[in-house]
Structures are given as C-alpha cells and as structure tokens.
Chemist: 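Can you keep this structure in mind? I'll have questions shortly.
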Number of protein chains: 2
Amino acid sequence: MGTVTITDVARTADVSAATVSRVLNNPDGVSPELRQRVIEAIDALGYRPNSSARSLRTRATRVLGVIVSDVTNPFFTSMVRGVEDVAQKSGYSVMLANTDEDLAKEQRYLQVFAAEQIAGVVLSPASATDTHIDVLSSRGIPAVTFDRRLRTADVDRVTINNRRAAEQATEHLIEQGCRRIAFISGPPGISTSSERLAGYHAGLRRAGLPVEPGLVSDGGFRVVSGHEAALRLLAQDPRPDGMLVANNLMTVGAVDALDDLALRVPADLALVGFDDLSWALNARSRITTVDQPTYEIGVRAAELLLGRVQGERSPTRRITLPATLTVRDSSRRLPVSGGQPVS
Amino acid sequence: MGTVTITDVARTADVSAATVSRVLNNPDGVSPELRQRVIEAIDALGYRPNSSARSLRTRATRVLGVIVSDVTNPFFTSMVRGVEDVAQKSGYSVMLANTDEDLAKEQRYLQVFAAEQIAGVVLSPASATDTHIDVLSSRGIPAVTFDRRLRTADVDRVTINNRRAAEQATEHLIEQGCRRIAFISGPPGISTSSERLAGYHAGLRRAGLPVEPGLVSDGGFRVVSGHEAALRLLAQDPRPDGMLVANNLMTVGAVDALDDLALRVPADLALVGFDDLSWALNARSRITTVDQPTYEIGVRAAELLLGRVQGERSPTRRITLPATLTVRDSSRRLPVSGGQPVS
DNA sequence: ATGAAAGCGCTAACAC
DNA sequence: GTGTTAGCGCTTTCAT
C-alpha cells in the first residue's frame, strides 16, 4: 500500500516504464494492445503519477498561479473561479495569492511562483507600470493579466473596455439630468483607475460639461475609502447631483455616505457603480452598475494562458469582453428601459 | 544563467552539496565558517532550491491545501488570509480549492491534494458526516477543519461555539421583546447548521417559548436562499417578530425580503445575522451580528496544521475562539449597551 | 513500436 | 563536521 510507481505499473503490464510513460504523455506512440494493458494496470493499481518527479524531469509543474489584489472581494474571486474551472479541466491546479494592492507582496509571489517553476500566471497587477513579471518571462513562464493591464510589458490580457464603460455610465447620468457628476476613482497607477477616469472625462466633454478636478476623488478600491471619498465629494457646495464609483466595494461605502448625509437616491443624487453588487444589501438599494462578465474573464484568461503554456507562439493577445450598464433605481430619474450593452 | 543548482553553490563555496543541503535544512550541523561561506555563495548566485527535487526526495511538499465551501464569500476568504499569512511565514505556499458545498468536488480536491503529496490540509467540510479525509490520513497527511467540524472523524479543528452563539443571539431577541422568532438555517448536514439550530432551540426553551418547526427554514448559505427562506417565513400569520439568520449571505437575502415586504427593522421585526457584513451595504442597515474572528480562525488553524506537519503527536486539538454578539439597530427595541461576548 | 539507461536536483545514510 | 554515494519517480534520448 506504499506509493505505486511507474515501475509497478510497468511490471504489472509486463512492459517497460518508458512505455507506461508514453501511454500517459503521448498515447499515439504506443500500440493499441500495449496501451490497453497499461491502462488496465494503472486502473488496477490505482496509479497516480508523482508530480514532483515529473516536474523535476520536465522542469515544469502542472500548476497555474493566480495573483489577485484582494481575495476578499467577490469580484476577484469570481474571476478566480473561472480560471480554476478551466485549469482543472486541463489537469492543472491553481495556486492563489493575494497582494492587497501591495507591490512588494506581488513581487514576492512572482518570485515564489518562478522558483516553484509554475506553468503560468494569471494576475491583476497592482501597478500598470511598476511590474516585475520579468522574473517570469526571463524563465519562459507565460503570464496573462486579467481585469487590469500592464503598460510597460507586452503581455496577453483580458479586460473590458473600461474607458468606454465609464463613458457610457457618465453619459447615462447626464441623460438622467445630472450636471455635476462626481467620480470616485481607484488608486492611481492602476489601469482600470486611469481608464475609467478617462472615460468619465470623455463622457463629460462629449456633453459639453466642464471637467472639474474637484469632482474627482481617489479611493483605494475598498469600502472605507469609498465612504471617505463620497463624504469629501458630497461636502461641496453646490453638491454633486450624480456620482460614478469605480468599483463595487467603494460603491458600498458611497451608499453608506449617502445614508450618513440622509441623501436620497436618485432624487438627491443619481448613483452608478462598477461591478456586481448582488452579494451586498442591494436588492432594494437597486444600484445601477456596470456589470462585468467576471467568471468569463477568468475563463478566457485561463484559456489564453494554457495556450501559451502549451507552446502557442502567436503575438500578444488582447481580449476585450463586453460589459453592460444595468440601469436600476439608483440612477433612474426619467422613464428608461432596461440594460444596455457597453463597448 | 540557466538554473542555479545546489552543485553550483557547493562548487562556489568549495564544499560538498551535502553541506549546502545541511545549511539549508539543519544549519546547526555545520561549522560557522562553512555555513557563512555557503550562505554567501547562495546569495551571490541567487540560488533557490528546486522544490520538485526536494519533494521527490523527501516525499513531502511545502504546500498547504485549503478547501473552502465558497470562495466568493468574504467570510471564508478572510479565514484563508489568516492561513496564508501563517503559512508564508513558515515558508509554505497555499493552494486554494473551492467546493461550492459540493461533496463530490470536495472529494476530488482531497484526492488531488493527496496525490500532490501536499503537506497538510485545512478545510471547511461540506458535510459533517460524509467525509473522505481518510485519503489524507491513510497517507499520513494531517488535516484541520475550520469553521465547521467533522462528526465522523477525529481531526483537529478551530471553530467558535456555534451553539452558544446562536443561543445568546436568540436570548437577545427575546430580551428585546420578540416572541415568535424565526430561524433561517444553513444546509442540513453541516455542523454549523445543526449547532446553530440547536442553540436557537435552547434559547427558546430557556425562555419557555415553544419550539415551532414552522418557524425554521433551511437555506443554502447564499443570498438567494436567504431571500427565499425569509419570504417563506414572513408569509406566516401571525408573522414572526424576530429573526435569526445563520450566515452572512443569507442575511443579505433576508434584508432584501424584508424590503420586498416593506417591513421595517426593528419595528416590525428584529433581525440578527451571523458573521461580519461590513463589506455589504450595511452601515445604515446596522444589522446586529454574531461576529467571528475569521482571520484568527485561519491563523490558528494554520498553526495547528503546521504543528502536525512538523510531527507533533499530541491528541486531537479543539480550539474554540470567542464570538461576539454586536448589537446594532436591527434588533434594538429597548435601550441596550454595546457588544457582549459570546461563548 | 519498444526497451535500456541516463539523469533531472535534492537529501539522507553511511563513511571518514 | 564533512564528503561520498545512492536513489527518490519520472521522461527522454538512444538503440534495437
């Protein structure tokens, strides 16, 4: 009952270990009869290849690394599940790391992954410019970014069109009659932050509205920072009549701030957030959101990555998935119809 | 610039590979001078041990497996972070798996982990009785459960006192004047479900209130099921005047249901939930909750597990961490003071 | 198409 | 205290 090795299988099937190995890795190179015998022996013995030995020999593991900036945010974990499902179907495991938007942590995990000879990495980088994925590329380990992109490295990525999504959200607010639209941005240096900010600006410009820096406040993509930013923005006179928030957690904080100030949505202020909020107390709040296909983002990222892992050499791929502006009560001041596609 | 191996280090430091290995694994067995030279060589060359080779040799990885029943629930991911932080400090990586409360998935991951010769596993089992951790124990791989426990296996665990927590929450509702207290339970077969249900019953009994089966509804630990269960329970006549909900996501759903029915909290119904809700839109809803020390649960579980991994042979350890009933607006019908410890 | 043999990088006996 | 040696389980030339 000790470990069953490839030699045991070979002996049972009365073939060499090499043949067993071939059956496992390149079934076509073995005659049907032998293949059959080997498979039976494997089943009979309950043989499972030792992944350490395999990795040692091939210099590659069957593990994918996933680095997200906040594991406690369902937005990211939903993407991770997409990665996980695809990976598992292909016989890969997933190793998850959390960076808390901390560049040093990200770097450390990248190094760990490289040292572990991980097959490939999917990540949502904590910075669009200060990245250290070169520790991967220098070892030939492929990487794919999801949700965010890297400006300083040429890497596959799967994102939504953040600029356009923010622009449409802004336009929607303007259509609803808003004229002073505040924007709670993400931390500077992250692609989604700058792109969504750019989209917000574009939306204002297109409508001939002034771009007022005082209407923008940086948040940290977390509940508290959204709360603080909203309080800051809403203290202004004249008060904003619309607000766009760059991620889900900050939207939660912003709603809290509105409650603090006893402001009614959408009467006093029309609100639009990013990302699904169905895990939050929102059925009644009915917040209008830019919904991203999170699970599918993960799926596509994993597919891209596995392609690279398996040696695909095509030029850098950039997948842009559609986001949808789902209009709900929080921004509805005029009679409007349901969801409208973005990008 | 290919991979730096232990032989390279040995040559540079002018010692044998065995000495380098000793410096790495058992520094005291090497004279200070040699140790120094080896360390310098390691730094100079940027040597990182090949974990596959090491695992192949030692028949053990430096990886911990973590199996949770819902990765998108911040309650679990917060615990995972506790595990992660402890693991990393000890040079272990973490492999995360998600089961969706699906026993088959759990079993599959357990098998994968066993095959990967993972060092140890922390899990929140999807069933208190139907478990397959014997695939671990039969290979000498230690396991620790967190949040939940296993009735049919003798395993280390770290939990709160769920029975007592639910009992105190129930007593609190009774103190606030509730007489018909509904309970939204978790899925049957999970220890937290049955223990919290037992606590709810105990609370009622202690106050001389009748235990009415019609006031209990099973939910699936998710938002929708909480919503459905609440609608079911609130359709009764006479309507419940209090409600206890067995986890965070279901509480979110229950709040939605209350809104659906235009019921006010706490006037029409006093509400108490389990687990932190600060990531949800609750600053204003101000839901009274039984708060668990999630991060610390993860920390303690990891410490326990690492102890076992390192050969600790003590009898089964059961760590019970304190939970706190944090009274907020949703259940406050009488003037009451702040938080009170539970268990 | 199949087998024999070498070796991936490391650790653990065993000698000295 | 240190070096030598063997071998973990697998894949991959290289013969045949």
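Proteins get letters first, then strands, A, B, ... in listed order; numbering begins at 1 in each. What's counted below: heavy atoms across the whole structure, side chains too, no hydrogens, waters or symmetry copies.
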Chemist: Please report how far the helix from C/dA1-D/dT16 to C/dC16-D/dG1 bends, comparing the axis fitted to its first five pairs with the axis fitted to its last five, to the nearest 10 degrees.
Modeler: 30°
Chemist: In whole angstrom, give the distance that lies between atom CZ of A/Arg37 and atom C1' of C/dG3.
Modeler: 13 Å
Chemist: Taking any atom under 4.0 angstrom from a heavy atom of chain B, which nucleotides of DNA chain D are the first and last to qualify, 5' to 3'?
Modeler: D/dG1 to D/dG9
Chemist: Roughly how far, to the nearest 0.5 Å, is the CZ atom of A/Phe76 from the CD1 atom of A/Ile297?
Modeler: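 Atom-to-atom, A/Ile297:CD1 and A/Phe76:CZ are 10.0 Å apart.
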Chemist: For C/dT11, take OP1 and OP2 only and decide whether either is under 4.0 Å from a side-chain N or O of B/Asn25.
Modeler: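 So the side-chain polar atoms of B/Asn25 do come within 4.0 Å of the phosphate oxygens OP1 or OP2 of C/dT11, strictly under.
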Chemist: Please examine the side chains of B/Gln117 and A/Asn50, heavy atoms only from C-beta on, and report whether any two atoms are closer than 4.5 Å.
Modeler: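 A side-chain contact exists here, since the closest heavy-atom pair is under 4.5 Å.
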Chemist: Assess whether a salt bridge exists between B/Asp154 and B/Arg318, defined as any Lys/Arg side-chain N lying under 4.0 Å from an Asp/Glu carboxylate O.
Modeler: yes
Chemist: Give the intermediate values and the outcome of side chain to side chain donor-acceptor pair (under 3.5 Å) for residues A/Glu84 and A/Gln88.
Modeler: CA-CA 6 Å; A/Glu84 225 171 6; A/Gln88 203 182 1; over 6 Å; no
Chemist: Tabulate protein N/O versus nucleotide N/O from nucleotides 13-15 of chain C, keeping only pairs under 3.5 Å, one per line.
Modeler:
unit_1 : atom_1 : unit_2  : atom_2 : d
C/dA13 : N6     : B/Arg22 : NH2    : 3.4

Chemist: Take atom CG of A/Asp28 and atom P of C/dT2, then tell me their distance rounded to the nearest Å.
Modeler: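 Going from A/Asp28 (CG) to C/dT2 (P), I get 12 Å.
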Chemist: Report the distance from atom CG of A/Asn50 to atom C1' of C/dC10, rounded to the nearest whole Å.
Modeler: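 Interatomic distance, CG of A/Asn50 to C1' of C/dC10: 13 Å.
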Chemist: Would you kindly compare A/Leu56 and B/Ser31 by the position of their nearest DNA chain D nucleotide and give the one closer to the 5′ end?
Modeler: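 Residue closer to the 5' terminus by nearest nucleotide: B/Ser31.
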Chemist: Atom CZ of B/Arg48 and atom C1' of C/dC8: how far apart are they, to the nearest Å?
Modeler: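 One finds 19 Å between C1' of C/dC8 and CZ of B/Arg48, rounded.
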Chemist: Starting at CZ of A/Arg35 and ending at P of C/dA1, how long is that distance when rounded to a whole Å?
Modeler: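 Whole-Å distance recorded here is 11 Å.
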Chemist: Charged N to carboxylate O below 4.0 Å: is that the case for B/Glu296 and B/Arg300?
Modeler: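 B/Arg300 and B/Glu296: salt-bridged.
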Chemist: In whole angstroms, how far is the P atom of C/dA1 from the CD atom of A/Gln36?
Modeler: 18 Å
Chemist: Is the number of heavy atoms from other residues, nucleotides or ligands within 6.0 Å of CZ (A/Arg222) greater than 12?
Modeler: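 At most 12 heavy atoms, drawn from other residues, nucleotides or ligands, come within 6.0 Å of this atom.
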Chemist: Taking CZ from A/Arg57 and P from C/dG9, how many angstroms apart are they, rounded to a whole number?
Modeler: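 After rounding, the reported distance stands at 10 Å.
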Chemist: Please confirm whether the backbone N or O of A/Pro74 pairs with a side-chain atom of A/Ser78, one donor and one acceptor, at under 3.5 Å?
Modeler: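 Pair absent, no side-chain N/O of A/Ser78 close to backbone of A/Pro74.
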Chemist: Does the side chain of A/Val23 come within less than 4.5 Å of A/Ile39's, by heavy atoms?
Modeler: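 A/Ile39 reaches A/Val23 side chain to side chain.
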Chemist: OP1, OP2 of C/dC8 versus side-chain N and O of A/Arg59: anything below 4.0 Å?
Modeler: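 No, because none of the side-chain N or O atoms of A/Arg59 sits under 4.0 Å from OP1 or OP2 of C/dC8.
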Chemist: Check A/Asp100 with B/Arg81, please: is the shortest side-chain N to carboxylate O separation under 4.0 Å?
Modeler: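 A/Asp100 and B/Arg81: salt-bridged.
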Chemist: Among B/Ile319, B/Thr320, B/Leu305, find the one that has a side-chain contact (heavy atoms from CB on, under 4.5 Å) with B/Val158.
Modeler: B/Ile319
Chemist: At 4.0 Å (heavy atoms only), tell me whether B/Leu34 reaches a base, stays on the sugar-phosphate, or touches nothing.
Modeler: sugar-phosphate
Chemist: Scan B/Thr58 against the nucleic acid and name what it touches under 4.0 Å (heavy atoms): base, sugar-phosphate only, or nothing.
Modeler: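 Touches sugar-phosphate only.
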Chemist: Using a 3.5 Å distance criterion without hydrogens, assess whether the side chain of A/Arg157 forms a donor-acceptor pair with backbone atoms of A/Leu150.
Modeler: no
Chemist: Does B/Ser21 have a side-chain nitrogen or oxygen under 4.0 Å from the phosphate oxygens OP1 or OP2 of C/dT11?
Modeler: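 For C/dT11, OP1/OP2 do have a side-chain N/O of B/Ser21 under 4.0 Å.
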Chemist: Is it the case that the side chain of A/Thr12 and the backbone of A/Asp8 share a donor-acceptor pair, with hydrogens and angles ignored and the cut-off at 3.5 Å?
Modeler: yes
